[in-house]
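Quick note: residue numbers are just sequence positions, from 1.
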Amino acid sequence: IPMKTSDLGGVDSLYSIVQMPSGVPVATVAINGGANAGILAAKILATSDEELLGKLKDYVEGLKNDVVKKAEKLDEIGYKEYVYILMNKPSGVLSASNDKSRQTVVDLVPDSMKRQGLFPVGRLDKDTTGLLLITDDGVFAHNCISPKKAIPKSYIAELDGDINADMIKEFKIGVTLADGNLCKPAILERVDKNIARIIITEGKYHQIKRMFGTVGLGVNKLHRESIGNLKIPDRLYEGECVEMTKAELESQILLKTCS
């Protein structure tokens, strides 16, 4: 009896032969569709027709070989379960996967790196520049932005005034935002006149701008320079991307907490 996909109720997902203790081979079919699939499966499970079972076993072996060949082909073309992209985000671009009318960071990903399901790990405000990760690995992304990980993120802020020692102390203690939310302690350093570095370990909505607002300062420009020990590579200009491995990111950002 020639075995075809149509003979199995249109099912082409998974078939396997198991050897029962009695020594009688029984065909087990994983059904996911086909009007007569359930009836056919019941008949196969009950049959003792050696010829039918033999042909089904040959069919299963053929499917297994096809799977192996496809897996080898994926290895040849460099298939990756997930991708990890570091972007130097430019100003004016949304930290989002898609938007009907505005350009997003995923729009900037080169075709050679692009695939379905990409999304930014956390968010940078539209006018904020600097280091941004893009991936399709949800578990990795969750670990990156989880407050429990307390991963330090460093920013350079151009302000409309200069910082002073009192502000540095307030940030070190943890400022309370206008809405009553308390921020975790942050490091504030003076880089130059009206230029400051701030290091935080959380990511509340517009957090840095709101933190400076509590001490009467406005933020004119904001640039993220690092996440953990990860920095923007030299000569990676705004709007450009570089692909990285999970191991590289774990060693520089997560210290292997994301495995």
**Q** Do Cys241 and Met87 have side chains that get closer than 4.5 Å, going by heavy atoms?
**A**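 Yes, at least one pair of side-chain atoms sits under 4.5 Å.
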**Q** Establish whether Leu133 and Leu236 are linked, either directly or via other cluster members, by ILVMFWY side-chain heavy-atom contacts under 4.5 Å.
**A**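 Yes; Leu236 is reachable from Leu133 via cluster members.
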**Q** Please tell me if the side chains of Thr128 and His223 come closer than 4.5 Å, counting only heavy atoms from C-beta onward.
**A**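 The answer is no; the side chains never approach within 4.5 Å.
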**Q** Check for me, please, whether Val106 and Val121 land in the same ILVMFWY cluster - side-chain distances under 4.5 Å, paths through other members count.
**A**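 No.
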**Q** Decide yes or no on side chain to side chain contact (heavy atoms under 4.5 Å, CB included) for Arg197 and Leu188, but give the supporting numbers first.
**A** CA-CA 6 Å; Arg197 173 177 288 108; Leu188 180 61; over 6 Å; no
**Q** Kindly give the heavy-atom pair with the smallest separation between Gly228 and Ile151, and that separation in Å.
**A**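 So the minimum-distance heavy-atom pair works out to N-CG2, 3.9 Å.
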**Q** Quick one: are Arg115 and Val83 in side-chain contact, heavy atoms under 4.5 Å?
**A**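 A side-chain contact exists here, since the closest heavy-atom pair is under 4.5 Å.
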**Q** Enter the distance from Leu94:CG to Asp107:CG here, rounded to the nearest 0.5 Å.
**A**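 Those atoms lie 9.0 Å apart.
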**Q** Taking 4.0 angstrom as the limit, do Arg210 and Asp179 come out as a salt bridge?
**A**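 Yes, this pair counts.
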**Q** Kindly compute the distance separating NZ (Lys80) from OG1 (Thr245), expressed to the nearest 0.5 Å.
**A**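 Reported to 0.5 Å precision, the distance equals 9.5 Å.
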**Q** Could you grab the distance from atom NZ of Lys231 to atom CZ of Arg224, nearest 0.5 Å is fine?
**A**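 Nearest 0.5 Å value for the NZ-CZ distance: 14.5 Å.
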**Q** Would you say Thr201 and Pro185 make side-chain contact, with heavy atoms under 4.5 Å?
**A**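 Result no, sub-4.5 Å side-chain heavy-atom pair not found.
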**Q** Show, in sequence, the C-alpha distance, side-chain angles and deciding distance for Asp166 and Asn164, and conclude whether the side chain to side chain donor-acceptor pair (under 3.5 Å) test is met.
**A** CA-CA 6 Å; Asp166 290 337; Asn164 56 44; 5.4 Å; no
**Q** Same hydrophobic cluster for Leu124 and Ile200, using side-chain heavy-atom links shorter than 4.5 Å among ILVMFWY?
**A**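 Same cluster: Leu124 reaches Ile200 through Ile, Leu, Val, Met, Phe, Trp or Tyr contacts under 4.5 Å.
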**Q** Lys148: what forms a side chain to side chain contact (heavy atoms under 4.5 Å, CB included) with it, not counting sequence neighbours?
**A**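 Expected list: Ser146.
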**Q** Is the shortest side-chain heavy-atom distance between Lys126 and Val93 below 4.5 Å?
**A**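 They are not in side-chain contact.
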**Q** Rounded to the nearest 0.5 Å, how far apart are NZ of Lys153 and CG of Leu230?
**A**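 One finds 12.0 Å between NZ of Lys153 and CG of Leu230.
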**Q** If you apply the rule side chain to side chain contact (heavy atoms under 4.5 Å, CB included), what do you find for Glu225 with Ile232, and how did you get there?
**A** CA-CA 7 Å; Glu225 60 179 357; Ile232 299 172; over 6 Å; no
**Q** Working to the nearest 0.5 angstrom, can you tell me the gap between Leu118 CG and Ile134 CD1?
**A**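 The CD1 atom of Ile134 is 7.0 Å from CG of Leu118, to the nearest 0.5 Å.
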**Q** Consider side-chain contact (heavy atoms from CB on, under 4.5 Å). Of Asp160, Asp162, Ile163, which one does Asn194 pass it with?
**A**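 Option passing the side-chain contact (heavy atoms from CB on, under 4.5 Å) with Asn194: Asp162.
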**Q** Could you list the residues that satisfy ring-ring contact (aromatic ring centres under 6.0 Å, His included) with Tyr155, not counting sequence neighbours?
**A**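 By the ring-ring contact (aromatic ring centres under 6.0 Å, His included) rule, Tyr155 matches no residue at all.
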**Q** Would you check, one step at a time, whether the test side chain to side chain contact (heavy atoms under 4.5 Å, CB included) holds for Thr129 with Lys89?
**A** CA-CA 5 Å; Thr129 62; Lys89 179 190 174 297; 5.6 Å; no
**Q** With a 4.5 Å heavy-atom cut-off, do Ile85 and Met244 have their side chains touching?
**A**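 When only atoms from C-beta onward are counted, Met244 and Ile85 do not touch, as no gap falls below 4.5 Å.
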**Q** Go through Glu158 and Val219 one step at a time and tell me if the side chain to side chain contact (heavy atoms under 4.5 Å, CB included) criterion holds.
**A** CA-CA 6 Å; Glu158 181 183 301; Val219 178; over 6 Å; no
**Q** Which residue pairs pass the ring pair (Phe, Tyr, Trp, His ring centres under 6.0 Å) test when at least one of the two sits in residues 157-181, sequence neighbours left out?
**A**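 Listed by first then second residue: Phe171-Phe212.
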**Q** Going by atom types alone, do Tyr84 and Asp137 pair a side-chain donor with an acceptor below 3.5 Å?
**A**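 Short answer, yes.
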**Q** Got a second to check how far Leu159's CG is from Lys209's NZ, nearest 0.5 Å?
**A**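 It comes to 12.0 Å.
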**Q** Using modelled atom types and a 3.5 Å cut-off, is there a donor and acceptor pairing between side-chain atoms of Glu202 and backbone atoms of Lys184?
**A**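 Pair found, side chain donor or acceptor close to backbone of Lys184.
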**Q** For the residue pair Leu132 and Leu86, establish whether any side-chain heavy-atom pair is separated by less than 4.5 Å.
**A**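 Not touching, per the 4.5 Å side-chain cut-off.
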**Q** Hydrogens and angles aside, do Lys204 and Asn181 bring a side-chain donor and acceptor to less than 3.5 Å of each other?
**A**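 Side chains of Lys204 and Asn181: no pair found under 3.5 Å.
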**Q** Examine Phe119 and Tyr82 and state if one hydrophobic cluster contains both, with Ile, Leu, Val, Met, Phe, Trp and Tyr joined whenever side-chain heavy atoms are less than 4.5 Å apart.
**A**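 No; tracing contacts between hydrophobic side chains, which count when under 4.5 Å, never links both residues.
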**Q** In terms of hydrophobic clusters joined by side-chain contacts under 4.5 Å, are Leu222 and Leu177 together?
**A**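 Shared cluster, yes.
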**Q** Answer yes or no: is there a side-chain heavy-atom contact under 4.5 Å between Cys183 and Gln207?
**A**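 A side-chain contact exists here, since the closest heavy-atom pair is under 4.5 Å.
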